[in-house]
Asks: 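What follows is a structure written as structure tokens; I'll ask about it next.
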Amino acid sequence: MKRREFIVGCAAGLALLTTPRLSLFALNPDERDEHCCVVVFLRGGVDGLQLVAPSSDAFYQDVRVSGLKVAESGTQAGLLLDNSLGGIGFRLHPMARELHEFYREGKLAIFHACGLENGTRSHFEAMALIERGLVENQPIQQGWIARVLDELAPGGSLPAVATSGGMPQSFSGYTASTSVTDLSTFSLAADHDFPRLLRKWYSGDSQLDRTARGTLDTLKLLADSRVQTEASANYPDTWYTREMNGHFQTLAQLIREGHGIRMAMVDSLGWDTHEDQIHHFPRLVGGLSSSLAAFYRDLGRHRKNVTVVVMSEFGRRLRCNRSFGTDHGYGNTMMVLGEQVRGGRMYGRWPGLSQDALDRGVDLAITTDYRSVLGEVLRQKLGVQKLDRIFPGFTDFRPSGIFSA
């Protein structure tokens, strides 16, 4: 590789030289044991009415076909949630056993009828808005996580980590971010002498020089992390959880090693269940529940410094379609997991599922803005006070009291 070609590559992103991707950032070796917020994003629009089902609601039981609803009794009965909403009995999907255990232990809080209050059914538009912390299109490209990190000015060596193959838009605008899926393959795609040559090439004081050296420092840091790969928890041994297991296991190891991670994101894919939901959904829910539980156990003593938010870009309609799936909807569920969470109860306001209560006659109405849930986590656990800086135009913050004093 010629010097000129490498300069062009760096200008476009040193990530292209690594496997998996590493975004540009400068290393700060100040490592801290501060609180970390982990966002688990269920990409595709999870059916919140089957994951957290209003199982005693007569409209729900009447409209939903068997297999796409959670039963009140029998061998496939859902897992009962105490302290639910609006006089309605709610149940978790029967495959969400570990989530139910967290709920019963008082570590998991569940919101319902929440989401993005702009009525879009487009995956692309909904995710773009949420990842920028907005409810309507504005000329703002920076992600909401990037704004959080700008506000915190963290000093750890890895303040922002995503475990997907690329960098989510939530991190856009924050250069001290890294995306790593697997520590065992996180390295330069070159021979062992290449890093020395790169340091020689980038020995100056320009932004590009400093970024290149910072990237090499971080590659060295994560190469050292590869030495310790044994998890302190048993992850589920199923083919459909392997990718998610790897993401969670990588993140747990980095948190345990004390790299000062303040914001992290784990993507869970495949929730766009337009067809055959009766077959796909139980596997998705079981995988999420068991993998998330393994991650939480894997954190060990660091659990006290980690809060997990589970969310999706939107929900799905009350009625199923002709392919025994569900189409894009609005209102949905969110979950918050942590040692200081006032769990074992549901939060928000349940709008009901009668025809006149549904949004546009087909969707669960939204009564809680997704930014209120995120904002409460950011304010109480990360100390972010000016939420309108994180979520531009957001002035209607309504805390639910989900954290103990």
Asks: What do the steps show when you test Leu129 against Asn137 for side chain to side chain contact (heavy atoms under 4.5 Å, CB included), and what is the final call?
Replies: CA-CA 7 Å; Leu129 288 170; Asn137 279 313; 3.7 Å; yes
Asks: Please step through side chain to side chain contact (heavy atoms under 4.5 Å, CB included) for the pair Val40 and Val309, ending with a clear verdict.
Replies: CA-CA 6 Å; Val40 179; Val309 179; over 6 Å; no
Asks: Could you report the tightest heavy-atom contact between Phe403 and Glu376, atom names first, then the distance?
Replies: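 Nearest heavy atoms, Phe403 then Glu376: CE1-O, 3.8 Å.
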Asks: Can a donor-acceptor pair be found, under 3.5 Å and without considering hydrogens, that links the side chain of Ser164 to the backbone of Asp267?
Replies: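 No; judged by distance alone, with no hydrogens or angles, the pair does not exist.
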Asks: Do His35 and Thr307 pass the side-chain hydrogen bond (donor to acceptor under 3.5 Å, both in side chains) test, and can you show the C-alpha distance, the side-chain angles, and the key distance before you say yes or no?
Replies: CA-CA 8 Å; His35 207 86; Thr307 299; 2.8 Å; yes
Asks: Any side-chain to backbone donor/acceptor pair from Ser372 onto Arg398? Under 3.5 Å, distance only.
Replies: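 Yes: the side chain of Ser372 pairs with the backbone of Arg398.
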Asks: Strictly below 4.0 Å, N to O, side chains only: are Asp272 and Arg316 in salt-bridge contact?
Replies: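 Counted as a salt bridge, because a side-chain N and a carboxylate O are separated by less than 4.0 Å.
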Asks: Given salt bridge (charged side-chain N to carboxylate O under 4.0 Å, His left out), test Lys386 with Glu151 step by step and report yes or no.
Replies: CA-CA 9 Å; Lys386 297 182 179 179; Glu151 187 82 6; over 6 Å; no
Asks: Rounded to the nearest 0.5 Å, how far does CG of Asp47 lie from NE2 of His280?
Replies: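 The NE2 atom of His280 sits 13.5 Å away from the CG atom of Asp47.
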Asks: Please report the closest heavy-atom contact between Lys69 and Tyr60, naming both atoms and the distance.
Replies: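 Heavy atoms only, the tightest pair is CA-OH, 3.1 Å.
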Asks: Atom CG in Asp369, atom SG in Cys114: separation rounded to 0.5 Å?
Replies: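 Taking CG in Asp369 and SG in Cys114, the distance rounds to 9.5 Å.
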Asks: Give a yes or no answer on whether the side chain of Ser289 reaches the backbone of Val285 with a donor-acceptor pair at less than 3.5 Å.
Replies: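 No: the side chain of Ser289 does not pair with the backbone of Val285.
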Asks: Give a yes or no answer on whether the side chain of Arg147 reaches the backbone of Gln142 with a donor-acceptor pair at less than 3.5 Å.
Replies: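 Looks like yes, one N/O pair under 3.5 Å.
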Asks: Quick one: CZ on Arg43 to CD on Glu313, what's the gap to the nearest 0.5 Å?
Replies: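 Atom-to-atom, Arg43:CZ and Glu313:CD are 7.5 Å apart.
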Asks: So, taking the atom named CG in Asp327 and the one named CD in Glu275, what distance separates them when rounded to the nearest 0.5 Å?
Replies: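 Separation between the atoms: 10.0 Å.
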Asks: Which pair of heavy atoms, one from Pro236 and one from Ser290, lies closest together, and at what distance?
Replies: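 For Pro236 versus Ser290, the nearest heavy atoms are CG-OG, 3.4 Å.
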Asks: Salt bridge or not for Arg256 and Asp298, using N-O below 4.0 Å?
Replies: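 The answer is yes: the pair qualifies as a salt bridge.
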Asks: Would you sort out whether Arg349 and Thr368 count as a side chain to side chain contact (heavy atoms under 4.5 Å, CB included), showing the intermediate values?
Replies: CA-CA 7 Å; Arg349 182 175 65 83; Thr368 299; 5.8 Å; no
Asks: For the atom pair CZ (Phe90) and CG (Asn83), what is the distance rounded to the nearest 0.5 Å?
Replies: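 Output value for this atom pair is 12.5 Å.
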Asks: Is there a donor-acceptor pair under 3.5 Å between the side chain of Asn245 and the backbone N or O of Thr241?
Replies: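 Checked: pair present.
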Asks: Going through the checks in order, is the side chain to side chain contact (heavy atoms under 4.5 Å, CB included) test met by Val308 and Val336?
Replies: CA-CA 6 Å; Val308 180; Val336 182; over 6 Å; no
Asks: Got a donor-acceptor contact below 3.5 angstrom from the Thr333 side chain to the Phe111 backbone?
Replies: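 Yes: the side chain of Thr333 pairs with the backbone of Phe111.
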Asks: Angle between ring planes, His100 versus Tyr103, binned at 30° and 60°: parallel, tilted or perpendicular?
Replies: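 Geometry flag for Tyr103 against His100: parallel rings.
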Asks: Aromatic rings His123 and His274: how do their planes relate, parallel, tilted or perpendicular, breaks at 30° and 60°?
Replies: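 Geometry flag for His274 against His123: perpendicular rings.
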Asks: Can a donor-acceptor pair be found, under 3.5 Å and without considering hydrogens, that links the side chain of Asn321 to the backbone of Gly325?
Replies: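 Yes: the side chain of Asn321 pairs with the backbone of Gly325.
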Asks: Whether the side chain of Ser84 engages the backbone of Ile88 through a donor-acceptor N/O pair (distance < 3.5 Å, no angle test) should be reported.
Replies: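 Pair found, side chain donor or acceptor close to backbone of Ile88.
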Asks: Under the side chain to side chain contact (heavy atoms under 4.5 Å, CB included) test against Arg317, which residue among Asp363, Leu49, Val63 passes?
Replies: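 By the side chain to side chain contact (heavy atoms under 4.5 Å, CB included) criterion, Arg317 pairs with just one of Asp363, Leu49, Val63: Asp363.
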Asks: Does any donor atom in the side chain of Asn118 or Thr120 lie under 3.5 Å from an acceptor atom in the other side chain?
Replies: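 Short answer, no.
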Asks: Using a cut-off of 6.0 Å, state whether more than 12 heavy atoms not belonging to Phe324 lie near its atom CZ.
Replies: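 No, CZ of Phe324 has 12 or fewer neighbouring heavy atoms, counting only those of other groups under 6.0 Å.
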Asks: Looking at every non-hydrogen atom in both residues, tell me the closest pair between Ser56 and Gly89 and how far apart they are.
Replies: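 Taking every non-hydrogen atom into account, OG-N, 2.7 Å.
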Asks: Can you see which heavy atom on Cys37 is nearest to which on Val377, and at what distance?
Replies: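 Looks like SG-CG1, 4.0 Å.
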Asks: Looking at Tyr296, I'd like to know if the NZ or CZ of Arg303 sits under 6.0 Å from its six-membered ring centre while staying within 45 degrees of the ring's axis.
Replies: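 Flagged: Arg303 positioned over aromatic ring of Tyr296.
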Asks: Without swapping roles, check the side chain of Tyr370 against the backbone of Phe314 for a donor-acceptor pair under 3.5 Å.
Replies: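 No; judged by distance alone, with no hydrogens or angles, the pair does not exist.
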Asks: Do the ring centers of His112 and Tyr347 come within less than 6.0 Å of each other?
Replies: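 Between His112 and Tyr347, the centre distance exceeds or equals 6.0 Å.
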Asks: Go through Gln277 and Gln50 one step at a time and tell me if the side-chain hydrogen bond (donor to acceptor under 3.5 Å, both in side chains) criterion holds.
Replies: CA-CA 10 Å; Gln277 185 169 314; Gln50 192 174 7; 2.6 Å; yes
Asks: List the steps, then state whether side-chain hydrogen bond (donor to acceptor under 3.5 Å, both in side chains) holds for Gln249 with Gln253.
Replies: CA-CA 6 Å; Gln249 190 170 344; Gln253 181 177 338; 6.0 Å; no
Asks: Which value, rounded to the nearest 0.5 Å, describes the distance between Leu81 atom CG and Arg91 atom CZ?
Replies: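 Separation between the atoms: 9.0 Å.
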Asks: For the aromatic rings, using the six-membered ring if either is Trp, is the centroid distance between Phe295 and His247 under 6.0 Å?
Replies: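 Centroid separation for Phe295 and His247: 6.0 Å or greater.
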Asks: Quickly, which of Arg262, Lys304, Lys381 forms a salt bridge (charged side-chain N to carboxylate O under 4.0 Å, His left out) with Glu34? Name it, please.
Replies: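 That would be Arg262; it is the only one of Arg262, Lys304, Lys381 passing the salt bridge (charged side-chain N to carboxylate O under 4.0 Å, His left out) with Glu34.
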Asks: Judged by atom type as modelled, is there a donor-acceptor pair below 3.5 Å linking the side chain of Tyr330 to the main-chain atoms of Leu358?
Replies: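 Between the backbone of Leu358 and the side chain of Tyr330 there is no qualifying donor-acceptor contact (under 3.5 Å).
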